[in-house]
Amino acid sequence: MRPELKRLQQIEQHLLGVPQPGQAEEWALQQLLDADLETDTEAQRRVYQGLYVAGQRQLRRELEAIHERLYGPRPGRWRQLAAASLRVVCTGWSRFSGNH
Amino acid sequence: MKTLNLLPHSSPQAAVQLRHALQTNRDQTLTQLYQHTFPMVRHHVLQHGGTAQDAKDVFHDALIVFYEKAVAGTLELTASASTYLVAVARNIWRREVDRRQRCNLADLNEEHLQMPDQGEPAEAGAAAEEVSVLDYVERLGEKCKSILLSFYYFQQPLEQIASTHQYRNVRSATVQKFKCLERLRNSVRNVLTETFSH
């Protein structure tokens with residue numbers, strides 16, 4: 001991985017990983033040496049928050065789809081009703097045209 | 001497809017099995033839970049003053065709580081998954097009924113017939129930030145969005161993400177995941193830098 005991606009991974013470990021002994025001191029030292037670290041860490045923290053919200057929204061859409069699949073109107077049922085109605089109309093029409 | 005027998009178990013192994021099933025076969029597992037549990041939740045909500053729409057909303061909220069706990073490994077099943085879900089849904093519905101009753105009381109109180117509170121500026125700012133991050137997630141493109149959500153929210157194993165997106169191995173999928181994360185982070189970082197500079 002290129003260095004920028006490794007840095008991203010390091011920030012991820014700091015934000016999401018299990019804290020290791022001595023990690024806090026090491027992080028404080030890195031912040032002194034790397035002027036952009038604080039802003040990058042804050043941006044990455046917001047990215048994880050945003051991904052959490054986006055994930056929840058997707059899960060909600062998936063649950064909605066499952067609900068529709070299990071309890072929504074079935075397309076087959078509509079087709080059957082439409083075909084039955086058409087049959088009634090056609091039968092009526094043939095009777096009508098046969099009588100005249 | 002194999003049918004998962006998740007419902008009668010209540011052991012720690014059942015929680016592990018459930019976690020694995022949700023991570024690797026989300027749609028089928030959620031559909032099974034839905035089929036078994038929703039009728040009970042609907043019955044409860046309808047019996048306690050709610051509508052069919054309320055039942056669906058409550059059940060979706062319960063399933064989200066359940067999913068997040070299960071994949072995080074913090075779900076402790078002392079009963080079947082179905083029983084647990086019904087209990088969560090009942091709690092959510094009870095809170096919702098309380099909230100509605102409080103709202104009705106507030107509506108009757110003349111003091112509350114003033115203009116609604118606009119909320120704290122800090123809260124409005126947080127919501128705006130959330131919206132802008134969501135915008136950037138949507139702009140990522142399907143592949144990056146799918147990889148990031150699969151990993152960070154749905155907690156799918158990287159092996160599965162690699163296989164779904166046809167990467168040769170986990171390492172390639174990991175690199176791609178960080179590239180996607182980098183794009184998103186840089187977009188958010190630009191907004192942050194602009195905000196701080198004004």
Side-chain angles (χ1 to χ4, degrees), chain A residues 1-20 23 27 30-77, chain B residues 26-28 30-35 38-39 42 52 55-57 59-64 67-68 71 126-127 129-138 140 145-146 148-155 171 174-193 196:
Chain A
M1 271 199 294
R2 56 187 160 84
E4 292 89 349
L5 297 186
K6 283 196 175 160
R7 190 166 174 278
L8 216 72
Q9 194 174 25
Q10 227 180 350
I11 296 174
E12 179 165 296
Q13 175 62 33
H14 171 70
L15 291 172
L16 306 178
V18 181
Q20 303 292 321
Q23 200 181 317
W27 189 258
Q30 271 188 319
Q31 274 185 316
L32 290 174
L33 300 170
D34 183 346
D36 292 330
L37 188 62
E38 200 178 336
T39 315
D40 283 342
T41 306
E42 179 55 21
Q44 210 162 315
R45 190 184 61 76
R46 292 182 194 208
V47 160
Y48 295 130
Q49 279 180 346
L51 286 172
Y52 175 75
V53 177
Q56 267 199 348
R57 286 189 179 186
Q58 187 177 316
L59 184 55
R60 250 177 226 287
R61 283 195 294 270
E62 290 178 11
L63 295 175
E64 199 67 48
I66 292 172
H67 187 92
E68 275 304 300
R69 217 161 55 220
L70 295 174
Y71 306 103
R74 291 179 192 166
R77 206 177 283 165
Chain B
R26 185 166 73 246
D27 188 64
Q28 196 194 356
L30 287 175
T31 303
Q32 265 186 270
L33 281 168
Y34 213 112
Q35 264 178 316
F38 181 64
R42 186 173 47 198
K56 187 173 83 169
D57 293 342
F59 189 54
H60 288 189
D61 285 348
L63 267 173
I64 288 171
Y67 182 90
E68 289 176 1
V71 296
E129 276 166 22
E130 188 183 274
V131 170
S132 72
V133 177
L134 284 173
D135 274 349
Y136 290 122
V137 173
E138 290 303 323
L140 273 176
K145 187 181 157 190
S146 165
L148 292 181
L149 292 187
S150 298
F151 184 78
Y152 291 105
Y153 185 75
F154 293 107
Q155 306 215 5
R171 192 180 150 70
T174 307
V175 172
Q176 186 56 46
K177 183 198 73 149
F178 278 115
K179 281 182 183 171
C180 295
L181 193 70
E182 185 184 41
R183 275 178 53 199
L184 188 57
R185 206 272 311 268
N186 289 347
S187 306
V188 175
R189 191 189 196 284
N190 289 340
V191 176
L192 275 184
T193 314
F196 290 146

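In what follows, every chain begins at residue 1, and chains take the letters A, B, ... in the order their sequences are listed.
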key: Verdict with reasoning, Tyr48(A) to Tyr152(B), per side chain to side chain contact (heavy atoms under 4.5 Å, CB included)   = CA-CA 8 Å; Tyr48(A) 295 130; Tyr152(B) 291 105; 3.6 Å; yes
note = In terms of heavy-atom pairs under 4.5 Å with chain B, the winner among Leu70(A), Ile11(A), Leu63(A) is Leu63(A)
query = With no hydrogens and no angle check, do the side chains of Tyr67(B) and Glu62(A) hold a donor and an acceptor under 3.5 Å apart?
reply = no
query = So Tyr71(A) and Tyr34(B), would you call those rings parallel, tilted or perpendicular, with 30° and 60° as cut-offs?
reply = tilted
query = Atom CG in Leu59(A), atom NE2 in His60(B): separation rounded to 0.5 Å?
reply = 9.0 Å
query = Non-hydrogen atoms of chain A under 4.5 Å away: do they reach the side chain of Tyr153(B), the backbone, both or neither?
reply = side chain
ask   = Atom CD of Gln35(B) and atom CD1 of Ile66(A): how far apart are they, to the nearest 0.5 Å?
value = 9.5 Å
key: Side chain, backbone, both or neither of Leu51(A) within contact of chain B (heavy atoms, under 4.5 Å)   = both
key: Salt-bridge criterion met for Glu64(A) and Lys56(B) (N-O under 4.0 Å)   = yes
inquiry  = For the residue pair Thr31(B) / Arg69(A), report whether a side-chain donor-acceptor contact shorter than 3.5 Å exists.
reply    = yes
key: Point-to-point distance, once rounded to the nearest 0.5 Å, from CZ of Arg185(B) to CD of Glu4(A)   = 9.5 Å
Side chain to side chain contact (heavy atoms under 4.5 Å, CB included) partners for Lys179(B), two or more places apart = Arg2(A), Leu5(A), Val175(B), Gln176(B)
Verdict with reasoning, Phe59(B) to His67(A), per ring-ring contact (aromatic ring centres under 6.0 Å, His included) = CA-CA 10 Å; Phe59(B) 189 54; His67(A) 187 92; 8.6 Å; no
query = Say you draw a straight line from CG of Leu181(B) to CG of Leu8(A); how long is it, rounded to the nearest 0.5 Å?
reply = 4.5 Å
ask   = Just how far is it from atom CD of Gln58(A) to atom OG of Ser146(B), taken to the nearest 0.5 Å?
value = 7.5 Å
ask   = Would you call Arg60(A) and Asp57(B) a salt bridge, taking side-chain N to carboxylate O under 4.0 Å as the test?
value = no
query = Taking only residues two or more places apart in sequence or in another chain, which ones pass side chain to side chain contact (heavy atoms under 4.5 Å, CB included) with Asn186(B)?
reply = Glu182(B)
